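Heavy atoms only: backbone and side chains are in, while hydrogens, waters and symmetry mates are out. Everything quoted here is computed from the prediction, not taken from an experiment. The chains referred to below are lettered A, B, ... by the order of the sequence lines, with proteins before strands, and numbering in each begins at 1.
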There are 2 protein chains.
Amino acid sequence: MESVAKLAGVAPTTVSRALNHPDKVAQKTRDRITQVIQQTGYVPNLLAGGLASNKSRLIAVIVPSLVNIVYAETIQHFAKPMKEAGYQVLQGEVGYDLEEEEKLIAAVLSRRPDAIFLTGIHHSNNCRRQLLAANIPIVETWDVTPTPLDIVVGFSQEAVGKQTADFFYEKGYRKFAIVSAEDHRATLRNASFKKTLAAKGIENVAVSIVPGISNLELGRHAAAKLFDEGLHDSLIFCSSDTLAHGVLTEAQVRGISVPEDISIVGFGDQNFAAFTYPALTTVRIDRATMGRLSANALLCRLNNVDVTEKVIDLGFEIVVRDTA
Amino acid sequence: MESVAKLAGVAPTTVSRALNHPDKVAQKTRDRITQVIQQTGYVPNLLAGGLASNKSRLIAVIVPSLVNIVYAETIQHFAKPMKEAGYQVLQGEVGYDLEEEEKLIAAVLSRRPDAIFLTGIHHSNNCRRQLLAANIPIVETWDVTPTPLDIVVGFSQEAVGKQTADFFYEKGYRKFAIVSAEDHRATLRNASFKKTLAAKGIENVAVSIVPGISNLELGRHAAAKLFDEGLHDSLIFCSSDTLAHGVLTEAQVRGISVPEDISIVGFGDQNFAAFTYPALTTVRIDRATMGRLSANALLCRLNNVDVTEKVIDLGFEIVVRDTA
DNA sequence: TTGTACGCGTTATCAC
DNA sequence: GTGATAACGCGTACAA
């Protein structure tokens, strides 16, 4: 920066200003500086800038998995407005383990992010303490709670379980099963789903859990297990559209008709859900809005604009197509 | 750090050493310091550390798309060893536009990453200059070239096109079509595929291009267009497994038998490919190894270990299953 | 509108 | 094994 200043015949301060507050520098001076920057290929050092200004222009994003497309989509929609506002995203993958999250968060906070985006509302105590101590805007997502760390944007997992059970019960279904990943939020939905059914006198819900990630293969395996156990005439509530697609495929391979012999409900309404054959009935989660509103809330905080709603419940929608 | 030092009764220097070179500090002193850090919840400032040491412990990763799972997977495998070596990943999404890449790279370089991971080997001149000027280890991926910026780990797009055409020609196919995303690397494969067929006297290859991203829906649309135009008895070469899955679904919906009436070849061998019905014939790309070797190469450079192979061609494999 | 002087929190160097 | 000191490259209050 010093050399740029010299070449432009100004003080370093002026170069800094030309970059960060262009309106506070005379047109002519600014032009001269930009030209020198072009020629020299000067790249500002944001490490130094961040240290001096106490603003890193970095937003930390914590997700369970980079390869789970539903999180990737949320982040994409989150990152766009952030990028436009001049922030970069530092992404951390954390698995579904609370202790791992704690470590990652410590590592990430040492970069002094200006704000942080969290997936889920369950964190270890240590984690909560660190987060609060960082004293930066925080948005928690993919769930809701009356007591967020700062702001929460999501939907109620319990409500999904309950309303889905109610909805399909009223549609006339009396036999139910669950295919689910071993994921905290899915577990909440399942518990609520089963509880709701139990209240209606339906106690034996067959459950097939797949470990870790959701993919087509695991969906097929889980379904195969249920079918081998003699499951029929049931509605299978899946923890993701991907698993549901696997269940659908396995049914097809075995000549089991959907929705005549077996009904299937996915979760997420990913972009392929409307285009499987038959088209997948599912629970729509508005991931784009979740990302957008999260960004919005953080940007308000960062710009010292009052955030009126600290708890944003996006809700969800049961989308009936052809599999149930 | 200063307060930690005071509480532990040492100089700040010693705290820094205890953190970064623990072996250079007496056991007892170290224990005292770690204890104080626990109590106070001190979080080091990597911005300041980076500025002082000229090492950010940050690796920049540039990908076309966060939601394209094949890139996400590569990065996941890349990030793991990097994380274990104490580096964090700063991710940048760039679309398929060269100019956008240039801007993003400038933004990312201002964080002073210790190394950079690039997708593809085609960059604007400005971009190459900036990259070279940064004077850090660079790995380019998803393609090969005899003249990498630094290191390249990938496979030849042309070879994929050629060998796939040869292979299925020899299997007896004489009619071909292409379903492809509007993606630079896919375009290279397609050109090579068509050129190889042309050399065998096969000139009219029906092509259906989908804009931007690959998903099941677009695969179905592209296939629908081809089927509407009367395509039959052909082998459809797709630019991704996802598109191929869409083509497969559209065939199914229309009662077109696969592989009797139409054959389908995907690209990537994603984890669902073996589990579609019928199972997808495809071209396997070893994304895990690509990520791993990229990390390995960068770590060698970062540790001043000689990198013998600057061009690593991973190759690929045609995996014959049931759709062709 | 521009420049001066200082400090941000850490690490490298050198001395002890 | 430990401490003092000087950078690292920039932003900002204040002065001009």
CZ of B/Arg111 to CD of A/Gln88, rounded to nearest 0.5 Å, is 4.5 Å
How does protein reach along nucleotides 9-16 of chain D, written 5' to 3' as B (base within reach of a heavy atom under 4.0 Å), S (only sugar-phosphate), or - (no contact)? BBSB----
So CG of A/Asn68 and CD of B/Gln76: to nearest 0.5 Å the spacing works out to 10.5 Å
In whole angstrom, give the distance that lies between atom CG of A/Asp23 and atom C1' of C/dT2. 15 Å
Look at the aromatic rings of A/His184 and A/His122 and report parallel, tilted or perpendicular, splitting at 30° and 60°. perpendicular
Determine the interplanar angle of the A/Phe155 and A/Trp142 rings, folded into 0 to 90°, and report it as parallel if under 30°, tilted if 30 to 60°, perpendicular if over 60°. perpendicular
In Å, rounded to the nearest 0.5 Å, how long is the span from CD1 of B/Ile62 to CD1 of B/Ile75? 9.5 Å
Residues touching DNA chain C, which here means a heavy atom under 4.0 Å, drawn from residues 25-33 of chain B: none
Does any N or O in the side chain of A/Asp150 come within less than 3.5 Å of the main-chain N or O of A/Val139, such that one atom is a donor and the other an acceptor? no
Let me check something: any side-chain donor-acceptor pairs from residues 125-136 of chain A under 3.5 Å, sequence neighbours excluded? List them with distances.
from, atom 1, to, atom 2, distance (Å)
A/Asn126, OD1, A/Arg129, NH1, 3.3
A/Asn126, ND2, A/Glu102, OE2, 3.4

How many angstroms lie between CZ in A/Arg112 and CG in A/Asn54, if you round to the nearest 0.5 Å? 8.5 Å
N or O in side chain of B/Thr14 less than 4.0 angstrom from D/dT2 OP1/OP2: no
